[in-house]
Amino acid sequence: MLAKSAYNLGVDAIIVQDLGLAKYLITNFPNLPIHASTQMTVHNLEGAVFAEKFGFKRVVLSRELSIEEIRFIKENSNIEIETFVHGALCISYSGQCLFSSMIGGRSGNRGKCAQSCRLPYELYENDSKIDKGYLLSTRDLCALDYLPQLIDYGIDCFKIEGRMKSPEYVATVTRIYRKYIDLYLKNPSEYKIDIQDKKDLLQVFNRGEFSSGHYNIHANKDLVYPEKQNNMGIYVGNVSNYNPSKGYITLNLNDNLAIGDTISFEHENSKYTISELMINNENVSSASPKNIVKIGRMKGNIFCGDKIYKLSSKTLSKKALDSYSNNENIKIELVGNIKIHKNFPIELNVSLKDKNLFNADIYTKITSTVYPENALNSPITKDRIKKQLSKTNNTPFVFSDIEIDLEDNVILSISALNELRRQAISDIENKIINSFKKDRNSNLTIGNLKKDNICSRINKNKTISLLLNQLSFDFDYTKLENVNRIYIPLKYFSMLNYKKILTYFTTHYDTYIYMPTIIKTNYRNILKNSI
């Protein structure tokens, strides 16, 4: 029912993990694109081709693919390809991690990951501890260096983590990726990453700087950052002197620092806001690298030699805030044409300035029941008409141009103009909304069925499929009853001592080979030989 509501509201697409739900949506919701979620673990060409034939419009590939594997899939399939370019990486394959569900009952494959891989662990070898720290915590992905190749390969969409992030993070990351996508499309030869943009990305969030993830064809030995599991910030220097009684800290700056920035210390979990900053005991609002500065009002688990990190920049946060605050006020431009003649109803025609903004020709014609009359004094002017029609206020629209056909010496009530404007804007807004619902006629009937009828239908047609992850020589498989299909892992078909059991299954049941979850290129020949 949620999918039906989204469909009728005109959503652009639905991302789906479950094949059963995907099949139902593809069958019953025409013209609604269905995207295969990264939780489906589509990691090879066969998976992409299957999704394409199944009816998916787009597939979000697993984050564990190299850029050459992505290229190969794109070149040999016709389905839209979406890839991750920035944000958190999992230590496990996308959609295959059971860690959180096993230790805490919260499944990452159901959107409830408890971030078990971000916890501290100890590593033992032969009962001896050989390492400790955040041993499963991966660095975040930054793929700016790979954007040109991904664009050349024809990747349809870039995916950026942002669901659980701050607005400032989302604004900064999307601004920077938009900049470099446009830069490469405009002039590939001038594609060069500004170090400040990279620093801004690190500032909004990083775990021990960035990683290339799995894009490189060679093994990534810097994937994990074991020292800290959350935002690292940017290194700004070491504590050279600390007066705990007064809370004064001295350091030689390695990066910019300003009042309002937040910092953290190497052995302190708390974060501090800079409220007092001094150079040569003179208060300053900001300081640049190589300056020796004193920070006031700092108390806690702080020691000389501790590293200091800038967790947030007030300047960068304000820049981000301004960007999305202003974008919230972007309005759709309208053009209007109004005809006002005595003894005739007023006609107002309104359309979009950009005819290609939506997938429909959006316009309206409103005719008033008011008839303008001859003015005895103070006839209405074009300026007054334009002023009233332009009062779109909190609507998502603004008039960029209004043509006025006004007969001389006419009087007209302002309320009539206001009502015309309201009707026109309301009609335009409804037509834009309806343009997203065009040709959508859901055949979904499950909401009209009684619960008993649904259960009855399911029970009549039920079949039982049994997956035998482990075969046993001690079990009597002739005792299996009411089973329609048997699934057996591929590995057993290459073990000669299981031949008798396998022959029994293939003789008495519809028997299927249960394939490994992950099938990369180097495993394909082994699979073919086994089959």
- Message: Looking only at side-chain N and O atoms, does D145 offer a donor or acceptor that is under 3.5 Å from a partner on S212?
- Response: no
- Message: Name the residue from F210, F205, F158 that meets the ring-ring contact (aromatic ring centres under 6.0 Å, His included) definition with H86.
- Response: F210
- Message: Less than 6.0 angstrom from the centroid, inside 45 degrees of the normal: does K4 satisfy that with respect to the ring of F29?
- Response: no
- Shortest non-hydrogen contact from E52 toward N78: OE1-N, 2.9 Å
- Item | Nearest atoms (heavy-atom pairs only) where T138 meets L89 | OG1-O, 2.6 Å
- Query: What are the two closest heavy atoms between S317 and E168, and how far apart are they?
  - Reply: O-CG, 4.0 Å
- Message: Could you tell me if the side chain of E68 sits less than 4.5 Å from the side chain of Y153, heavy atoms only?
- Response: yes
- Task: Please name the pair of heavy atoms, one in F99 and one in L136, separated by the smallest distance, quoted to 0.1 Å.
- Result: CE2-CD1, 3.7 Å
- Item | OH-CG distance between Y184 and N187, expressed to the nearest 0.5 angstrom | 10.0 Å
- Distance flag, aromatic centroids of Y512 and Y514, threshold under 6.0 Å: no
- If you look at every heavy atom in N231 and L202, which pair is closest and at what distance? OD1-O, 4.5 Å
- Query: Cationic tip of R63 within the cone over F84's six-membered ring, i.e. under 6.0 Å and within 45° of the normal?
  - Reply: yes
- Message: Would you compute the distance between atom CD1 of I155 and atom CD1 of I73 and round it to the nearest 0.5 angstrom?
- Response: 9.0 Å
- Examine the side chains of Q203 and S312 and answer whether a donor and an acceptor come within less than 3.5 Å of each other. no
- Do H267 and D306 have side-chain N/O donor and acceptor atoms under 3.5 Å apart? yes
- Message: Assess, by modelled atom type and distance only, whether the side chains of Y124 and D131 contain a donor and an acceptor separated by less than 3.5 Å.
- Response: no
- Quick one: does NZ or CZ of K132 land under 6.0 Å from the six-membered ring centre of Y121, within 45 degrees of the ring axis? no
- Item | Non-hydrogen side-chain atoms of I362 and L352 separated by less than 4.5 Å | yes
- Between L144 and K198, what is the shortest heavy-atom contact and its length? CD1-CD, 4.3 Å
- Query: Hey, do the aromatic rings of F50 and F56 have their centres closer than 6.0 Å?
  - Reply: no
- Message: If you apply the rule side-chain hydrogen bond (donor to acceptor under 3.5 Å, both in side chains), what do you find for N220 with S211, and how did you get there?
- Response: CA-CA 8 Å; N220 186 348; S211 165; 3.0 Å; yes
- Message: Strictly by side-chain hydrogen bond (donor to acceptor under 3.5 Å, both in side chains), give each pair with a member in residues 478-487 just once, sequence neighbours left out.
- Response: D476-T478
- Item | Partner of I176 by side chain to side chain contact (heavy atoms under 4.5 Å, CB included), out of D200, I193, V204 | D200
- Message: Assess the residue pair Y134 and Y225 against the criterion (ring-ring contact (aromatic ring centres under 6.0 Å, His included)); give the C-alpha distance rounded to whole Å, side-chain angles, the decisive distance to 0.1 Å, and a yes or no.
- Response: CA-CA 7 Å; Y134 301 97; Y225 184 69; 8.9 Å; no
- Message: Quick one, S137 with R118, criterion side-chain hydrogen bond (donor to acceptor under 3.5 Å, both in side chains). Give me CA distance, side-chain angles, the key distance, then yes/no.
- Response: CA-CA 5 Å; S137 183; R118 304 297 180 190; 2.9 Å; yes
- Query: Is the backbone of I81 close enough, under 3.5 Å, to the side chain of D156 for a donor and an acceptor to pair up by distance?
  - Reply: yes
